[in-house]
**Student:** 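I am attaching a structure below and will ask some questions about it afterwards.
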Amino acid sequence: MMAHQHLILLVSLLLFTLVGCGGSKQPNVLFIICDSLDGRLLLDPNRPFPAPSLDRMIQKGVTFSNAYSNSPICTPARAAMWSGRHINEVQAWSNDKGLPANYTPTFASTLSENGYYNYIRGKEDYTSGDHSESGNVEDWTRSVPFVNLTMQPQPTTVMKTGAGPHVETADWNNTMKFAKWLHEDAKHNQPYLAYLGVDIPHPWPTRALNWQHVDVGGDSTFGTSDYWLPMINTSKIKVPKWLPWSETHPVDQYSSISKNMTGAWSPAQIVQIRQYYYAMCAELDGMLGLLLDALEQSGTANNTYVIFTSDHGEMAMEHRQYFKMTYYEASSHVPLVITGPGVNRRVEDSPVSLIDLFPTLVDISGAPMPPLLNGTSLLPLLLHPNATSSQAPTIVARPDYILSQYHGATCNTSWYMIRTLQYKYIAYGDGVVAPSQLFDLHADPDELNDLSTTLPQIVQQYDQRLRSIIDYPTVTKQVDAYNRMALGQWKAEQGAQY
């Protein structure tokens, strides 16, 4: 029955394309992905930075208010998105271990095989081998206990360069070349998938400051200019509440120590750091506006779906952390807005994740659906503007949860999250190595009240459900075995230098 409804939906889409767009051409896709944008900012009424381009998309499309990364770190998140599969299925464990360079099918290869011209530019970062050696070693040794730990000096987390608007020059160069392609070359007989990845608002490497100790702080510096800083309304910047250290979950303690965040931070410092992060978000919005204008000028806008998202979020000093690599909302919640033919403005609160984008693109293109995809197409939610979340399962069978996993650095074991509309459940390692966590995001959006000890029946229910989806103790063992193997190979390669 569900398959029959799905077929009817696809036929309806093709009829809409034929009639509504004045031709037989398959819809185009403009796919824009940034790095490290907190997804909650899209619909935040007190957003501290101007975002007219994001608002332009929100006014025209479906905004997914509960969209999540399938792993809150760059390469695994993107590997899940490009493959449409959970990271344990493709063993994309960390920034060291993504997809093989020749992996197929990806959403790009699938559309290309079905008549699409692919124009791909900027940051992709879903394959193995694109990150630093020191970062790889950190991934492989994450489960080694801290011994006689000496804390580095508190990292300098903000940096200002000049007064102009183009701070992230590489991203601007790619954006302008991409806009030029849209304006001059997009209008041809072939449907296109135009994909742009930008790095902003990912923090800069601290070594950009030319410190003597280049590794202190890692990628912890937010950089902007005097062009963007005055646009930030500092009166709207919230200073996040931190739990006392004694009440902090042991895994969070490990993360904060790994990120060099255990020192004293004044409210003024926290506001400044968040101000610089928001300035980078404002600069991102400027790039998005350039692309949306170019699309309008290309003559293809009426037959083009536009997707905007991020690989993960950014903690920006919440829960005594910067960077991502955690399951708090700031890190795991991603923006997702989709506009296009037949799509009307609304907010969709069904839990969705990045792996859903592959089958969505396949449905948009009308291509045959590849086997083994873990995601579920979002197209029914896009084309049924009157459907509520409770009605969505009658349109197409989709789960009422998302699954995310994290196996990378700054954590001393693997993490697993299942997120439904109300609850977020997080399990660690083998389920015994560290206490699980449970948050009611309706009652506690800041995730300061762990309910794992007060609602044991809910914890048991969610843990059983998680285990029915993924055998997470076994996956944890697989990751540990890979880390030992990779570290052993690296040590052997170093020879006498080790």
Side-chain angles (χ1 to χ4, degrees), residues 68-73 75-77 79-81 83-99 139-144 249-252 254-255 312 324-329 331-333 351-356 372-376 399-420 422-439 441 447 450-453 455-486:
Y68 286 85
S69 174
N70 297 105
S71 187
I73 191 169
T75 301
M81 183 184 75
S83 68
R85 303 185 68 189
H86 289 302
I87 61 175
N88 63 294
E89 300 280 351
V90 291
Q91 298 188 351
W93 303 129
S94 61
N95 277 350
D96 156 62
K97 181 70 167 61
L99 297 177
D139 290 336
W140 302 330
T141 58
R142 64 185 183 134
S143 59
V144 176
H249 191 277
V251 172
D252 289 337
Y254 184 103
S255 294
H312 50 71
K324 57 268 187 175
M325 303 171 175
T326 176
Y327 275 126
Y328 289 116
E329 287 290 282
S331 167
S332 61
H333 193 146
V352 302
S353 65
L354 294 178
I355 60 169
D356 294 327
L372 304 178
L373 299 186
N374 299 126
T376 306
D400 64 348
Y401 66 88
I402 68 96
L403 171 68
S404 186
Q405 312 165 50
Y406 180 59
H407 308 287
T410 76
C411 69
N412 53 352
T413 189
S414 294
W415 302 4
Y416 305 87
M417 179 184 81
I418 183 172
R419 166 75 159 97
T420 62
Q422 182 173 4
Y423 290 110
K424 176 187 292 185
Y425 176 71
I426 308 167
Y428 298 99
D430 58 1
V432 178
V433 67
S436 60
Q437 291 179 289
L438 179 71
F439 296 101
L441 294 183
E447 299 168 289
D450 179 4
L451 301 174
S452 58
T453 58
L455 295 177
Q457 290 181 328
I458 299 293
V459 168
Q460 183 181 26
Q461 173 190 337
Y462 271 68
D463 191 71
Q464 289 175 348
R465 190 171 189 187
L466 177 61
R467 290 172 188 264
S468 72
I469 300 164
I470 179 173
D471 181 1
Y472 70 83
T474 297
V475 173
T476 297
K477 291 178 182 178
Q478 292 173 344
V479 178
D480 289 344
Y482 167 76
N483 286 340
R484 287 192 297 271
M485 179 273 296

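Because the structure is a prediction, the values reported are computed rather than measured.
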**Student:** Taking all non-hydrogen atoms of both residues, which atom of His312 and which atom of Ile73 are closest, and how far apart?
**Tutor:**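 Looking at all heavy atoms of both residues, the shortest contact is CD2-C, 3.6 Å.
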
**Student:** Once you round to the nearest 0.5 Å, how far does CG of Asn70 lie from CZ of Arg85?
**Tutor:** 13.0 Å

**Student:** Minimum heavy-atom separation for Cys411 and Tyr406, please, with both atom names.
**Tutor:** SG-CE2, 3.5 Å

**Student:** Aromatic rings Tyr462 and Tyr425: how do their planes relate, parallel, tilted or perpendicular, breaks at 30° and 60°?
**Tutor:**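 Tilted, since the angle between the ring planes falls between 30° and 60°.
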
**Student:** What is the minimum heavy-atom distance between Thr420 and Pro351, and which atoms define it?
**Tutor:** C-CG, 4.0 Å

**Student:** Do the side chains of Ser69 and Pro76 get nearer than 4.5 Å, heavy atoms only?
**Tutor:**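 With C-beta onward as the side chain, the pair stays apart.
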
**Student:** List the atom of Gly98, the atom of Thr75, and the distance in Å for their closest heavy-atom pair.
**Tutor:** CA-CG2, 3.6 Å

**Student:** Is there a side-chain contact between Arg419 and Tyr401 (heavy atoms, below 4.5 Å)?
**Tutor:** no

**Student:** Work out which heavy atom in Pro72 is nearest to a heavy atom in Ser331; give both atom names and the distance.
**Tutor:**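 Minimum heavy-atom contact is CB-OG, 3.5 Å.
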
**Student:** With sequence neighbours left out, which residue pairs that include part of residues 399-410 fulfil the salt bridge (charged side-chain N to carboxylate O under 4.0 Å, His left out) condition?
**Tutor:** Asp400-Arg465

**Student:** Could you tell me if the side chain of Lys477 sits less than 4.5 Å from the side chain of Asp430, heavy atoms only?
**Tutor:**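 Asp430 vs Lys477: side chains apart.
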
**Student:** Assess whether side-chain contact (heavy atoms from CB on, under 4.5 Å) is satisfied between Leu99 and Ser83, documenting all intermediate values.
**Tutor:** CA-CA 8 Å; Leu99 297 177; Ser83 68; 4.0 Å; yes

**Student:** For the side chain of Tyr416 and the backbone of Thr476, is there at least one donor-acceptor N/O pair under 3.5 Å apart?
**Tutor:**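 A pair under 3.5 Å: yes.
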
**Student:** For the pair Arg484 and Asp480, evaluate salt bridge (Lys or Arg N to Asp or Glu O under 4.0 Å) and give the outcome as yes or no after the intermediate values.
**Tutor:** CA-CA 6 Å; Arg484 287 192 297 271; Asp480 289 344; 5.1 Å; no

**Student:** Nearest 0.5 angstrom please: Leu403 CG to Ser353 OG, how far?
**Tutor:** 8.0 Å

**Student:** Between Phe439, Tyr428, Tyr328, which is the residue that forms a ring-ring contact (aromatic ring centres under 6.0 Å, His included) with His249?
**Tutor:**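 Of Phe439, Tyr428, Tyr328, ring-ring contact (aromatic ring centres under 6.0 Å, His included) with His249 is met by Tyr428 alone.
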
**Student:** Go through it in stages, so that I can follow the logic: the residues are Asn88 and Gln478, the test is side-chain hydrogen bond (donor to acceptor under 3.5 Å, both in side chains), and I'd like the CA-CA distance, side-chain angles, deciding distance and then a yes or no.
**Tutor:** CA-CA 9 Å; Asn88 63 294; Gln478 292 173 344; over 6 Å; no

**Student:** Kindly determine whether Ser436 and Asp463 satisfy side-chain contact (heavy atoms from CB on, under 4.5 Å), including the steps that lead there.
**Tutor:** CA-CA 9 Å; Ser436 60; Asp463 191 71; 5.8 Å; no

**Student:** Look up atom CD in Gln91 and atom NE2 in His407, then write down how far apart they are to the nearest 0.5 Å.
**Tutor:**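 One gets 10.0 Å once the value is rounded to the nearest 0.5 Å.
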
**Student:** Report yes if the side chains of Ser414 and Val475 come closer than 4.5 Å at any heavy-atom pair, otherwise no.
**Tutor:**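 No, their side chains stay 4.5 Å or more apart.
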
**Student:** Could you give the distance from OH (Tyr423) to CD1 (Ile418), rounded to the nearest 0.5 Å?
**Tutor:**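 One finds 13.5 Å between OH of Tyr423 and CD1 of Ile418.
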
**Student:** With rounding to the nearest 0.5 Å, note down the distance linking CG in Leu441 to CD in Glu329.
**Tutor:**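 Nearest 0.5 Å value for the CG-CD distance: 5.0 Å.
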
**Student:** Can you tell me how far OG of Ser332 sits from CD1 of Ile426, rounded to the nearest 0.5 angstrom?
**Tutor:** 7.5 Å

**Student:** Is there a donor-acceptor pair under 3.5 Å between the side chain of Asp356 and the backbone N or O of Gly375?
**Tutor:** no

**Student:** What is the ring orientation for Trp415 with Tyr327, classed by angle as parallel under 30°, tilted 30 to 60°, or perpendicular over 60°?
**Tutor:** tilted

**Student:** Would you mind reporting whether Leu466 and Ser468 have side-chain heavy atoms less than 4.5 Å apart?
**Tutor:** no

**Student:** Please confirm whether the backbone N or O of Gln437 pairs with a side-chain atom of Asp450, one donor and one acceptor, at under 3.5 Å?
**Tutor:** no

